[in-house]
Each structure stands twice: as structure tokens, then as C-alpha cells.
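Inspection log for the structure reproduced underneath, given as C-alpha cells.
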Amino acid sequence: MAKRIKHSIGALVFYASVVMILVAAPKAGAGPGSKYAQPPAPGQTATAKTGDSAKPSSNSQNPAASGYVGSEVCMTCHQDIYKGWEKTSHWKTTLDTNGGPSRQGCEGCHGPGAAHVAGGGDITKIFIFKEHSTKDINDRCLTCHASGTEHMNAVNSLHRQSDVSCISCHSPHHAETKEFLLVKSQPQLCYTCHLQQKPQFEMPFHHRVNEGLVQCTDCHNPHGTVGPKQVRTSAAQDAVCFKCHTDKQGPFVFEHAPVKVEGCSSCHSVHGSPNAHMMKVSNVNILCLQCHTTSSFSSVPGTPSFHNQSTFFQACTLCHAQIHGSNFDPTFFK
């Protein structure tokens with residue numbers, strides 16, 4: 001009997017020890033890296049244990065540490081500019097996080113603003129466009145816009161060579177047009193510099209630019225082309241005129257050489273003219289005789305001797321009707 005009682009007391013002591021170990025285990029393992037760790041007190045930040053010291057988690061990011069403060073900070077001082085800017089397509093950059101803060105919002109163009117803010121608005125601490133050269137301005141804009149089809153030949157642009165910057169024509173903050181952010185609508189913007197073309201569009205026969213049916217940029221690429229006068233080309237790399245005048249394009253079996261070599265401007269004043277069809281001269285024969293002479297230095301056919309131009313043959317195009325090209329007759333009769 002005494003032996004049985006002794007065995008029961010030993011079992012109770014064993015089970016009591018097991019219970020005490022299980023109760024004490026969670027507290028012993030509680031620590032910064034344990035699942036039993038206590039939550040941080042209000043006002044404290046949870047830290048990740050690295051070695052023997054606790055440091056902030058590597059996943060936390062502080063934009064101000066890299067010099068970028070965000071467009072909302074810019075708005076606190078530049079409210080009028082911000083209100084105009086947020087209506088433009090540039091505002092959409094605030095939603096695109098792929099490029100990081102250097103491609104977002106105000107700082108995407110003006111650079112990091114932390115030093116500018118810390119300096120109380122010191123303009124030397126940020127990129128102010130009007131304070132920089134044309135080259136610096138254009139280079140900054142082309143950081144994003146160089147990949148577009150309109151800017152592929154920016155290096156050949158006559159505007160760039162003439163020291164015209166992007167902000168001479170575009171206003172990122174206070175544009176008058178929703179499309180392309182122009183400081184003025186066409187053609188008034190182009191007339192700011194190209195005054196010699198303005199009276200040409202007021203001629204009796206002209207392209208309907210002032211009426212708004214045609215724009216200067218329909219024919220010219222202001223950002224540069226490989227051709228002269230920044231003239232665009234059609235989809236087939238022919239004269240841009242064929243975008244509208246498709247019936248003159250061909251291809252023809254018998255082509256009129258000037259159309260292929262010099263283009264439409266060899267016979268037509270492209271902006272406007274006092275002559276019908278915007279011809280360079282009022283008398284069609286005089287225009288034709290500029291090439292079709294009997295001179296031995298000319299390689300083109302001369303005027304036949306039976307063409308009495310003082311009577312019946314007063315206009316070459318009365319007979320040579322298909323002057324732009326023909327599929328049936330080498331003399332362009334039909």
C-alpha cells in the first residue's frame with residue numbers, strides 16, 4: 001500500500017513539471033523575431049532584428065531622402081501653376097510609378113525639389129526653364145519625348161538650329177490649346193515668326209489655313225525632317241501634297257519628271273498665289289517654256305515648230321491635259 005501511494009505521488013510531480021514547462025515556453029521565446037512577440041506600444045515603430053541591434057525595415061521608403069518631395073508639396077506654394085498643370089496630359093505622370101519619382105509630376109521636369117523647399121524657394125536649387133539655354137531646355141523635354149515619331153529628327157530641326165526652344169511654342173502650365181499644349185493656336189503661333197507666309201494665305205487662291213481647314217503642321221513637322229523646310233512626306237515617302245491630292249500621285253506609266261524630281265512646288269506656289277490653281281505664273285505657256293525650250297542645253301523636248309502660241313495654242317494644258325502623268329500617252333494627251 002505504501003509503495004502504491006509513493007508511485008502516485010511521483011506521477012503527480014512529473015505531470016506538474018510538464019505543465020509548468022509548457023506554460024513558461026511562450027514567454028521564453030517571445031522576442032522581436034518570435035510569433036509571440038508583443039505588438040509595439042502606441043507611437044512606436046516595429047523594427048526588424050538584424051544582428052544584435054534593431055534597425056528600420058529595408059522595405060520602408062522615404063521619398064524625401066532621395067531629394068523628391070512630390071507634387072502635392074509643390075502645390076502649397078504654386079497653386080495657380082498647379083491648377084493649370086493638372087488639366088494637361090503631363091499630370092498623368094503622377095499616376096505612373098514605373099519610372100520612379102524622377103519621372104512623376106512637377107519633379108519629372110523640374111528635378112528633385114527637396115533642396116528647393118529647404119532653401120525657402122531658392123530657384124538655384126531646381127531647374128527653372130526660363131533660366132536655362134535652348135539646348136538645356138530641349139534636352140530636358142526630349143528625355144521623355146525623343147522616342148515619339150514626331151521627334152525622331154529633332155537633331156535636324158531648323159527651329160533648334162535657330163535657337164528656338166520647346167517652350168517657345170509649348171506651355172506645360174498655361175497652354176491655350178488642349179492638343180499639344182501650344183501657347184497659341186495655329187496659324188497665329190506660326191505667324192509669330194513666319195510673317196512672310198501670312199499674306200500668302202490671303203491670296204485669291206490659297207490653302208485654307210486661315211479658315212481652319214488646313215494647319216501648318218499638316219504639311220510641316222516643326223520638330224524636324226530629313227527634307228528641306230521641314231516638309232513632311234506621305235505614307236509612301238512622296239510629296240506631302242499627295243495626302244490630299246491623291247489623284248495626282250500615280251504611279252503612272254508616263255511620268256512628268258518635275259513631279260518626281262522637284263515636286264509640286266516646281267509649278268505651284270504651295271501657300272497661295274494670285275493665279276488659278278496656285279500656279280507660279282499667270283500664263284501656263286510661260287511656265288512650260290521654262291523647261292521646254294529649243295535650246296541645245298535642254299534635255300527635255302522642245303516646243304514643236306507648228307505650235308503658234310499667239311492663236312490657238314495659248315495654253316499647253318489644252319492638249320496636254322494629263323500633265324501630272326499618264327498611263328496611255330507619253331505626251332500626256334490623255
Side-chain angles (χ1 to χ4, degrees), residues 61-119 121-184 186 189-190 192-193 216-217 220-227 230 232:
Q61 295 181 355
N62 184 5
S66 60
Y68 294 93
V69 296
S71 300
E72 292 77 9
V73 175
C74 305
M75 181 180 62
T76 58
C77 295
H78 307 285
Q79 293 185 5
D80 293 340
I81 294 177
Y82 188 92
K83 289 180 180 179
W85 170 76
E86 68 178 350
K87 298 176 183 178
T88 71
S89 55
H90 281 164
W91 181 85
K92 297 178 182 179
T93 61
T94 59
L95 307 177
D96 185 5
T97 60
N98 293 330
S102 64
R103 291 294 186 94
Q104 290 182 282
C106 307
E107 293 168 304
C109 296
H110 295 283
H116 172 70
V117 174
D122 186 357
I123 62 174
T124 63
K125 302 297 183 180
I126 203 167
F127 189 91
I128 303 296
F129 280 73
K130 64 180 181 179
E131 302 292 333
H132 287 76
S133 65
T134 296
K135 182 181 183 303
D136 292 340
I137 294 172
N138 294 349
D139 288 346
R140 180 152 294 229
C141 295
L142 289 174
T143 302
C144 296
H145 295 285
S147 59
T149 56
E150 287 288 300
H151 307 85
M152 293 180 63
N153 288 293
V155 67
N156 299 318
S157 172
L158 296 178
H159 284 149
R160 182 191 64 82
Q161 297 174 15
S162 300
D163 204 35
V164 177
S165 69
C166 300
I167 61 173
S168 298
C169 300
H170 303 276
S171 175
H173 302 131
H174 303 293
E176 285 193 7
T177 64
K178 292 183 179 180
E179 190 176 23
F180 307 128
L181 304 179
L182 299 179
V183 296
K184 291 182 181 179
Q186 296 187 62
L189 174 60
C190 302
T192 304
C193 299
C216 302
T217 52
H220 301 274
N221 184 349
H223 306 107
T225 64
V226 295
Q230 305 194 149
R232 298 181 185 273

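These numbers come from the heavy atoms of this one structure, side chains and all, not from hydrogens, waters or symmetry mates.
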Test your reading of the model: is there a side-chain donor-acceptor pair from [X] to the backbone of [Y], 3.5 Å cut-off?
{"X": "H170", "Y": "F180", "value": "yes"}
{"X": "Q230", "Y": "T225", "value": "no"}
{"X": "S171", "Y": "H174", "value": "yes"}
{"X": "S162", "Y": "L158", "value": "yes"}
{"X": "R160", "Y": "V155", "value": "yes"}

Filter on salt bridge (charged side-chain N to carboxylate O under 4.0 Å, His left out), then keep only pairs touching [range], sequence neighbours left out; what's left?
{"range": "residues 121-133", "value": "none"}
{"range": "residues 141-153", "value": "E150-R232"}
{"range": "residues 84-108", "value": "none"}
{"range": "residues 134-143", "value": "K135-D139"}

| message | Regarding D163 and T134, do their side chains bring together a donor and an acceptor under 3.5 Å, going by distance alone? | response | yes

| query | Side chains of S71 and Q104: donor-acceptor distance under 3.5 Å anywhere? | reply | no

| Residues forming a side chain to side chain contact (heavy atoms under 4.5 Å, CB included) with V226, sequence neighbours excluded | N153, N156

| Considering residues at least two apart in sequence or located in another chain, which fulfil the side chain to side chain contact (heavy atoms under 4.5 Å, CB included) criterion with E72? | none

| Reported SG-to-NE2 distance for the pair C77 and H116, which is rounded to 0.5 angstrom | 7.0 Å

| remark: Taken to the nearest 0.5 Å, the spacing of C74 SG from I126 CD1 works out to 6.0 Å

| task | May I ask you to decide if the ring planes of H151 and H145 are parallel, tilted or perpendicular, using 30° and 60° as cut-offs? | result | tilted

| task | Assign the ring pair H110 / H173 to parallel, tilted or perpendicular, where the plane angle (0 to 90°) is split at 30° and 60°. | result | parallel

For [X] against [Y], the heavy-atom pair lying closest together:
{"X": "P172", "Y": "H90", "answer": "CB-ND1, 3.9 Å"}
{"X": "S102", "Y": "Y68", "answer": "CB-OH, 3.2 Å"}
{"X": "L142", "Y": "A154", "answer": "CD1-CB, 4.2 Å"}
{"X": "F127", "Y": "H132", "answer": "CE1-CD2, 3.4 Å"}
{"X": "K184", "Y": "E176", "answer": "CA-OE1, 3.8 Å"}
{"X": "V183", "Y": "L189", "answer": "CG2-CD1, 3.5 Å"}

| request: Output, in order, the C-alpha distance, side-chain angles, deciding distance and verdict of side chain to side chain contact (heavy atoms under 4.5 Å, CB included) for S157 and H223. | output: CA-CA 5 Å; S157 172; H223 306 107; 5.5 Å; no

| message | Can you tell me if M75 has over 12 outside heavy atoms packed within less than 6.0 Å of its CE? | response | yes

| Is the closest side-chain heavy-atom distance between C166 and F129 below 4.5 Å? | no

| Side chain proximity check, P222 to T217, heavy atoms < 4.5 angstrom | yes

